[in-house]
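Excluded from the calculations below are hydrogen atoms, water molecules and symmetry mates; all remaining heavy atoms, backbone and side chain alike, are included.
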Amino acid sequence: MRSFQASISLSVMLILWIFVIPAWSLEIGSVVPSFTVVSPDGELLGREQLLGKLSVIFYDIRFTASSNNDLKYALADLRNAHPLLLEDLQVFQIVDASSANFFTRSIWKRKIRENARRYGITIYADWSGKMRRDFGFHPKLSNVLVVDAQGVVCYVFFGKVPESERNALFTLLLKLGEST
């Protein structure tokens, strides 16, 4: 009986490890894996669109999408203040839409379109959650990722980026902007 309980416990732990813990987590210096996300209007975004430009990616669940809005606005101000250095800076908003199902997918698409129009940006959806898993993004926090023109990860942050961290991020972006 005891060995049966132990094997059940081990099986449960293995299943949790397989489905909960990311198979791969991005680190500074790693190359961004291949991915594809899509806007509600069918516009695709993948690794190929990152190459050749400096990219900032915000990856959120619907409850965290606004947590770094102040950073997004500050990025726009930074780009306007340094147009030559940051002319190749692109900012992407991706939402984890993997909780949408057959019945709610059209509602998700409508809400994403509404928010995209409201903020004047394209919002991409990760319908399967594959990008979240492959990138090792935190499933309940805002995720911020900076990728250089060669597709190499230069910055990763989970959660709301504090003011002190924002200054370090802006310094990094300006430095990377000089080299693109």
Side-chain angles (χ1 to χ4, degrees), residues 22 24-30 32-33 35-41 43 45-47 49-50 53-83 85-100 108-149 151-177 180:
W24 189 73
S25 183
L26 290 180
E27 295 179 2
I28 306 296
S30 62
V32 172
F35 71 95
T36 302
V37 291
V38 63
S39 76
D41 298 322
E43 185 178 333
L45 171 66
R47 183 177 187 279
Q49 285 74 33
L50 303 183
K53 296 193 176 199
L54 179 58
S55 303
V56 179
I57 297 171
F58 291 91
Y59 187 97
D60 293 288
I61 61 171
R62 64 183 174 167
F63 301 114
T64 64
S66 63
S67 64
N68 278 310
N69 275 353
D70 56 340
L71 175 59
K72 295 169 194 171
Y73 297 132
L75 275 173
D77 293 341
L78 182 72
R79 186 178 7 205
N80 291 336
H82 303 278
L85 282 178
L86 299 176
E87 67 183 330
D88 286 334
L89 176 66
Q90 49 189 6
V91 179
F92 297 106
Q93 175 68 57
I94 302 169
V95 64
D96 182 352
S98 61
S99 64
W108 273 80
K109 282 184 177 182
R110 186 183 81 241
K111 290 291 190 181
I112 292 171
R113 271 192 198 101
E114 288 172 5
N115 285 325
R117 283 189 201 110
R118 180 180 306 136
Y119 298 112
I121 61 171
T122 300
I123 300 174
Y124 297 89
D126 179 11
W127 294 105
S128 67
K130 184 176 181 336
M131 182 181 185
R132 176 183 39 81
R133 289 187 303 276
D134 289 352
F135 281 56
F137 286 145
H138 194 287
K140 295 184 180 180
L141 295 174
S142 181
N143 299 270
V144 182
L145 180 71
V146 174
V147 179
D148 72 9
V152 175
V153 175
C154 299
Y155 179 88
V156 179
F157 194 87
F158 304 116
K160 181 171 175 42
V161 177
E163 188 72 33
S164 59
E165 185 70 22
R166 182 186 308 178
N167 294 333
L169 171 60
F170 289 176
T171 300
L172 173 66
L173 289 172
L174 290 171
K175 181 181 171 191
L176 291 171
T180 52

> Counting distance only, does the side-chain N/O of Arg133 pair as donor-acceptor with the main-chain N or O of Ser128 below 3.5 Å?
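Yes, because the side chain of Arg133 sits within donor-acceptor range (under 3.5 Å) of the backbone of Ser128.
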> Closest heavy-atom contact between Arg62 and Val95?
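Looking at all heavy atoms of both residues, the closest pair is N-CG2, 4.0 Å.
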> Decide yes or no for Phe170 and His82: does some side-chain heavy atom of the first lie under 4.5 Å from some side-chain heavy atom of the second?
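No, every pair of side-chain atoms sits at 4.5 Å or beyond.
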> Quick check for you: to the nearest 0.5 Å, what is the distance between Leu176 atom CG and Ser55 atom OG?
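Here the interatomic distance stands at 11.0 Å.
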> Considering all heavy atoms of both residues, which atom of Asp60 and which atom of Ser142 are nearest to each other, and what is their separation?
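Heavy-atom minimum between the residues: OD1-OG, 2.6 Å.
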> Let me see the working for Arg113 and Asp41 under side-chain contact (heavy atoms from CB on, under 4.5 Å), right down to the final yes or no.
CA-CA 8 Å; Arg113 271 192 198 101; Asp41 298 322; 2.8 Å; yes
> Out of curiosity, Leu50 CG to Gln90 CD, how far, rounded to the nearest 0.5 Å?
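Answer for the CG-CD pair, Leu50 versus Gln90, is 6.0 Å.
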> Answer whether the closest heavy-atom distance between the side chains of Arg79 and Val91 falls below 4.5 Å.
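Contact flag for Arg79/Val91 side chains = yes.
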> With sequence neighbours left out, write down each residue that passes side chain to side chain contact (heavy atoms under 4.5 Å, CB included) with Gln49, or none if nothing qualifies.
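Applying side chain to side chain contact (heavy atoms under 4.5 Å, CB included) to Gln49 gives Leu45.
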> Output yes when a side-chain donor or acceptor of Asn143 lies under 3.5 Å from a complementary backbone atom of Phe137, and no otherwise.
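Checking the backbone N and O of Phe137 against the side chain of Asn143, no donor-acceptor pair under 3.5 Å is found.
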> Are the side chain of Asn68 and the backbone of Gly159 linked by a donor-acceptor contact shorter than 3.5 Å?
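Yes.
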> Is Tyr59 close to Val37 at the side-chain level, that is, under 4.5 Å between some pair of heavy atoms?
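Result no, sub-4.5 Å side-chain heavy-atom pair not found.
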> What pair of heavy atoms forms the shortest contact from Asp70 to Arg166, and how long is it?
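Shortest heavy-atom contact: OD2-NH2, 2.8 Å.
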> Looking only at heavy atoms, what is the nearest atom pair of Val156 and Ile28, with distance?
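Scanning both residues completely, I find the closest heavy atoms to be N-CD1, 3.9 Å.
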> Can you measure from CG (Leu172) to CG (Asn167) and round to the nearest 0.5 angstrom?
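If I round to the nearest 0.5 Å, the distance is 12.5 Å.
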> Do NZ/NE/NH1/NH2 and the carboxylate oxygens of Arg132 and Asp96 come within less than 4.0 Å?
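Yes, charged N to carboxylate O under 4.0 Å.
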> Please give me the minimum heavy-atom distance between Val146 and Leu173, naming the atom from each residue.
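For Val146 versus Leu173, the nearest heavy atoms are CG1-CD2, 3.9 Å.
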> Do Tyr124 and Glu43 come close enough that some side-chain heavy atom pair is under 4.5 Å?
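Contact flag for Tyr124/Glu43 side chains = yes.
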> Enter the distance from Ile61:CD1 to Ser99:OG here, rounded to the nearest 0.5 Å.
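It is 8.5 Å, given to the nearest 0.5 Å.
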> What pairs with Glu114 under side chain to side chain contact (heavy atoms under 4.5 Å, CB included), at least two apart in sequence or on another chain?
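Per chain and number, Glu114 pairs via side chain to side chain contact (heavy atoms under 4.5 Å, CB included) with Arg110, Lys111.
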> According to the interplanar angle, ranging from 0 to 90°, do the rings of Phe158 and His138 count as parallel (below 30°), tilted (30 to 60°) or perpendicular (above 60°)?
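Rings of Phe158 and His138: tilted, as their planes differ by 30° to 60°.
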> How many angstroms lie between CG in Leu141 and NZ in Lys160, if you round to the nearest 0.5 Å?
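If we round to the nearest 0.5 Å, Leu141:CG and Lys160:NZ are 12.5 Å apart.
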> Out of Thr122, Ile123, Ile112, which residue meets the side chain to side chain contact (heavy atoms under 4.5 Å, CB included) rule with Pro40?
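With Pro40 as partner, Thr122, Ile123, Ile112 yield a single side chain to side chain contact (heavy atoms under 4.5 Å, CB included), made by Ile112.
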> Taking the six-membered ring for Trp, are the ring centroids of Phe135 and Phe35 within less than 6.0 Å of each other?
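Yes.
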> Show the nearest heavy-atom pair for residues Leu145 and Val153, with the distance to one decimal.
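Smallest heavy-atom distance, with atoms named: CD1-CG1, 3.6 Å.
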> Check the pair Phe157 / Leu169 against side-chain contact (heavy atoms from CB on, under 4.5 Å), numbers first and verdict last.
CA-CA 10 Å; Phe157 194 87; Leu169 171 60; over 6 Å; no
> Just how far is it from atom NZ of Lys72 to atom OG of Ser66, taken to the nearest 0.5 Å?
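If we round to the nearest 0.5 Å, Lys72:NZ and Ser66:OG are 7.5 Å apart.
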